[in-house]
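As structure tokens, the structure follows; a few thoughts come after it.
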Amino acid sequence: MAEEHKHDDSSSSSSDSDDDKNSASLKTKIYRLFGREQPLHKLFGGGKPADIFLWRNKKVSGGVLGAATVSWILFELLEYNLLTLFGHISILALAVLFLWSSASTFIHKSPLHIPEVHIPEDVVLQLASGLRIEINRGFTVLRDIASGRDLKKFLLVIAGLWVLSKVGSSCNFLTLIYIATVLLFTIPVLYEKYEDKVDDFGEKAMREIKKQYVEFDVKVLSKVMSKIPKGAFAFIKKKD
């Protein structure tokens, strides 16, 4: 009898511990923006690129952002031409190097060491391969949207392209690139700093968006879809 009581106590205690673990795992499951499951540093690929975007190396990050700002000021505000700037910098650099190399024999100093510069082949191949994968993925998404399978995704893409066209009409391509660079160097690091607060706000916002979408689906989309002949979707499926 004593052994049976011990067995019952151990089984009940093990079941209680399992329940505690399950409840603890449910409590620790926190909402992350866009369903993110990995750390932000890993989402940026890790390594040096992620360190630069998240300001792990402040000197390099500040240098890249400063160079982008100077370039934007030169080409956009001062309306400096890219070829003209490249020509002037090249002339100045070559003149300084040539004069220093020529004068080193007269002032009895060692000639200036000019390092050999070359682009590694593996880096170029990796960039080209990654770009190819992303382009093919974009083509696949566009094909799925154009096939009429997901009306929600179609409307989101149309709205995004419309916003992009409005932004593009108000500023040129160089300004868009600079704005994207500034956002890339500011939003991720701010999000990482205030991650919990942003995720909490994002959870509430997503609930409200889903609620509004359900109402929009009932009042608008369902009526639109009911007016589209069913044979059109059957034709699309057969064609795919």
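More than 12 heavy atoms of other shown residues, nucleotides or ligands fall within 6.0 angstrom of atom CD in Glu215. Annotation: Gln212, atom CD; neighbour count of heavy atoms from other residues, nucleotides and ligands within 6.0 Å is above 12. At most 12 non-hydrogen atoms from other residues, nucleotides or ligands lie less than 6.0 angstrom from CZ of Phe154.
Rounding to the nearest 0.5 Å places OG of Ser129 at 12.5 Å from CG of Asp122. In this structure, CG on Leu85 lies 8.0 Å from OG on Ser71, to the nearest 0.5 angstrom. Rounding to the nearest 0.5 Å places CD1 of Ile179 at 13.5 Å from CG of Leu184. In this structure, CG on Leu74 lies 10.5 Å from CG on Leu174, to the nearest 0.5 angstrom. Asp200 contributes atom CG, which lies 16.0 Å from atom OH of Tyr194 (distance to the nearest 0.5 angstrom).
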Exercise for the section: Start with the C-alpha gap between Tyr191 and Asp199, add the side-chain angles, then the distance that decides, and say whether side chain to side chain contact (heavy atoms under 4.5 Å, CB included) holds. Expected result: CA-CA 9 Å; Tyr191 171 69; Asp199 288 339; 2.7 Å; yes
Practice task
Could you give me the CA-CA distance, side-chain angles and deciding distance for Val189 and Phe53, then say whether side chain to side chain contact (heavy atoms under 4.5 Å, CB included) is met?
Solution key: CA-CA 7 Å; Val189 67; Phe53 292 132; over 6 Å; no
Exercise for the section: Walk me through it: do Glu203 and Arg207 pass the test salt bridge (Lys or Arg N to Asp or Glu O under 4.0 Å)? Expected result: CA-CA 6 Å; Glu203 184 178 11; Arg207 289 177 182 173; 3.0 Å; yes
Handout entry: Intermediate values then yes/no, side chain to side chain contact (heavy atoms under 4.5 Å, CB included), Ile133 and Arg137
Key = CA-CA 6 Å; Ile133 293 173; Arg137 186 179 300 173; 3.9 Å; yes
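Ile158 and Val167 fall into different hydrophobic clusters, where Ile, Leu, Val, Met, Phe, Trp and Tyr residues are linked whenever their side-chain heavy atoms come under 4.5 Å apart, directly or through other members. There is no path of hydrophobic side-chain contacts, each under 4.5 Å, that joins Leu156 to Met206. In the hydrophobic clustering of ILVMFWY residues, with side-chain heavy atoms under 4.5 Å counting as a link, Phe185 and Ile177 come out apart. A single hydrophobic cluster is not seen to contain both Leu190 and Leu183; linkage of ILVMFWY side chains at heavy-atom distances under 4.5 Å, directly or through other members, places them apart. Taking hydrophobic clusters as Ile, Leu, Val, Met, Phe, Trp and Tyr residues chained together by side-chain heavy-atom distances below 4.5 Å, Phe139 does not share a cluster with Ile145.
Exactly one residue among Ile187, Leu54, Val198 makes a side chain to side chain contact (heavy atoms under 4.5 Å, CB included) with Glu192. That residue is Leu54.
Using a 4.5 Å cut-off on side-chain heavy atoms (C-beta onward), Trp55 and Lys193 make no contact. Using a 4.5 Å heavy-atom cutoff, the side chains of Phe86 and Asn81 are not in contact.
Using the six-membered ring where Trp is involved, Tyr178 and Trp72 have ring planes that are parallel, under 30° apart on the 30 and 60° scheme.
With Thr69 contributing its side chain and Leu65 its backbone, the two residues share a donor-acceptor pair below 3.5 Å. Counting only distance, with no hydrogens or angles, the side chain of Asn136 and the backbone of Arg132 share a donor-acceptor pair below 3.5 Å. For Ser165 (side chain) and Trp162 (main-chain N/O), a donor-acceptor pair under 3.5 Å exists by modelled atom type. Of the possible donor and acceptor atoms, one in the side chain of Ser169 sits under 3.5 Å from a partner among the backbone N and O of Lys166.
Between Cys171 and Leu176, the closest heavy-atom pair is SG-CD2, 3.6 Å. Residues Ser61 and Asp51 approach most closely at OG-O, 3.9 Å, considering heavy atoms.
Side chains of Thr175 and Asn172: a donor-acceptor N/O pair is present below 3.5 angstrom, by distance only.
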